[in-house]
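This report refers to the structure that appears directly beneath it.
Indexing begins at 1, ligand by ligand and atom by atom, following the structure's order. This structure is a prediction, so every number in the text was calculated from the model and none was measured.
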Amino acid sequence: MSEDIKKTIEELRSQLNDYAYHYYVLDEPVISDVQYDKLYQQLLELEKNYPEFISSDSPTQRVGDKPLDGFKQIKHEAPMLSLGNVFTETELIEFDNRLMDLVQVGEIEYSAEPKLDGLAVSIVYEKGKLKQAATRGDGNVGEDITANVKTIKAIPLLLRGNNIPDKLEVRGEVIMTRSGFNEYNRQAELLGEKTFANPRNAAAGSLRQLDPRKTAKRPLMFYAYSLGVVSQELNFESHIETLEWVKSLGIPVNNLNQTVMSAKGCQQFYQMVGEKRPSLNYDIDGVVYKVNNLQLQKKLGFVTKSPRWATAHKFPAEEATTVIENIEVQVGRTGSITPVARLQPVVVGGVTVTNATLHNEDEIRRKDVRVGDTVFVRRAGDVIPEVVKVVLQKRPENSQPFIMPIHCPVCETLLVKLEGEAVLRCPAGLYCDAQRKEAIKHFASRKALDIEGLGDKLVELMVDEGLIKTPADLFHLNQQDLINLERMAEKSANNLLQSIESSKHTQLDKFIYALGIREVGEATAMTLANQLKSVEAIEDSTAEQLEELPDIGPIVAKRIRQFFADKHNLKVIQQLLDADITWDKIETPTADSQPLLGKTIVLTGSLSQFTRATAKAKLIKLGAKVAGSVSKNTDILVAGENAGSKLTKAEKLGVEVRDEDWLLGL
Ligand code: IVH
């Protein structure tokens, strides 16, 4: 009987360890989280009743039950080094040339790896069992964080495979995933606990946690990038081979690592990873190049604190600290009031940033951002820079909380907060100069009437000078009006008049979009145009009738009704029509013009020639219904780059799959 129990426990244990290996190392989960938890609970229960069969590599043994008094110091058997840096392609070429000179070879192969932005950790396995883990510290002496590292599920407690050296030290980076970080901060905020400025600080804070039970709840991940001290000769020829072996032992190794030739290959890798950076689920601050051949590494040796055979190539930082000089509020096209921080200029992600959004009143209060504060500013990819966190230690003594204005800073109307909304709004609509300007900018923008040469600054100037009040006024401008404007020469005035004239012939969907109805984007405008075929028909539709149209829900329907209930809006529409704005008649669809009639189509992955909205609009125009998820009712799945689970599901269900070229050719 007890032999049977022992066997069951062993089986469960090895099963769970196997699932974790598939999940963390191979990145190919074989069971769901729920199933895993169920098995884990079974093991826990059995071990509770038969504690004599608990083994130190059981997943249940990751967490101890009491906090530590402090961290012991650990001397590294071999120092943990750092890396030299290159910042430009020229410096990279110099690095490569220097090494080629030193070892007298014509071309060097490198292992190119992402530079993970977390904490360097050393993990020592003895006879395959995790014995000790330490921080890098000053490179010679670190802190004993064994109890915390054991809680990281990606790190095996027992290595897989045979012929494992008696002693094996693996080095790598502990990181927190971006999704885990966001979720952690959200929870912490709800509970009124400390939040972290970025995933790196969160990972560091988690490892320095004296209570491992708390660390266990943090979403940490680990990737190995080198070996430390090993008790026996390993006979590998290259660094990459070594890492492959480490992976086979059940330790995660980053899947972007690859070998490249020469500075050229390194630079290509840098570019490729730089492009992937915004879509990764973890922060990286650059890439690392290491001479791949271990004999060459040995020949090259070390300088004081870093290997001569490796270097880091840093990305421009996505985050920086600066000081808030002022907080101002901006009025958007729909009256939304957005607080904006005016910053001491700072370079973030290679671009000088002087403004950052503070989103809304709740956000300012939550982060308690004040004028004079030193703050972390973040800019990732193309997104608007934002203030991430205040450095409270640097707050000036006399600082005051920021108070949102109660009147519109432009037209002085009393601001309102609508039910269910986080933002304050100026309800003055087009009577507010700020909203007027934004409405006209929107009207002239590329996806709307596309008036070339009518930039934002020019619109602002024309409104300030009293030249135009509504989009309709654009069509009554003459050459003299424009020449009177600062910096407007005769030629550019004529060009602008010409492009205003040619914008008059448009398409109904563009015209509807140009009106700037809240919640009506390109795709909705297209639906309205195709289904109702005229502005009058839209104006005459009730909310219920609008809701019957594909993809129009109660909120959008309500916004459309509100827009057409406003006399001022109706007047502007009439003026626009009086100015001879025209569009081609919308033909009643025939089988020819609507080849996708009755088809349900799903979009997935990223498309290069379309936005989601334009792809959807095109499909709708051709008669298709566009759905959000794949089911047995789906007729076609259009799969772009990096399509994921929807594609898998479509293939499973035998749904026809098409690519972007098909969409382009329609
Ligand atoms: S190798 C002897 N590889 O960067 C070379 N380091 O500036 C030791 N890091 O302390 C480091 N990703 O924390 C190496 N793929 C990678 C890395 C990496 C991140 C960190 C590591 C190290 C620091 C050196």
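Scanning for side chain to side chain donor-acceptor pair (under 3.5 Å) contacts around Gln209 gives an empty result, with sequence neighbours left out. The ring pair (Phe, Tyr, Trp, His ring centres under 6.0 Å) search around Phe236 returns Trp245, not counting sequence neighbours.
Using a cut-off of 4.0 Å between Lys/Arg side-chain N and Asp/Glu carboxylate O, Asp368 and Arg370 are scored as salt-bridged.
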Anything under 3.5 Å between an N or O on ligand 1 and a protein N or O? List each pair with its distance, or write none.
| residue | atom | partner | partner atom | Å |
| --- | --- | --- | --- | --- |
| ligand 1 | 3 (N) | Lys290 | NZ | 2.9 |
| ligand 1 | 4 (O) | Lys115 | NZ | 3.2 |
| ligand 1 | 12 (N) | Leu116 | N | 3.1 |
| ligand 1 | 13 (O) | Glu173 | OE1 | 2.5 |
| ligand 1 | 13 (O) | Glu173 | OE2 | 3.3 |
| ligand 1 | 13 (O) | Tyr225 | OH | 3.3 |
| ligand 1 | 15 (N) | Glu113 | OE1 | 2.9 |
| ligand 1 | 15 (N) | Pro114 | O | 3.3 |

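Distance check, rounded to the nearest 0.5 Å: CG of Leu159 to CD1 of Ile251 gives 5.0 Å.
Listed by first and then second residue, the salt bridge (charged side-chain N to carboxylate O under 4.0 Å, His left out) pairs that reach into residues 66-90 are Lys72-Asp144, Glu77-Lys167, sequence neighbours excluded.
Aromatic ring centres of Tyr36 and Tyr23 lie farther apart than the 6.0 Å criterion allows.
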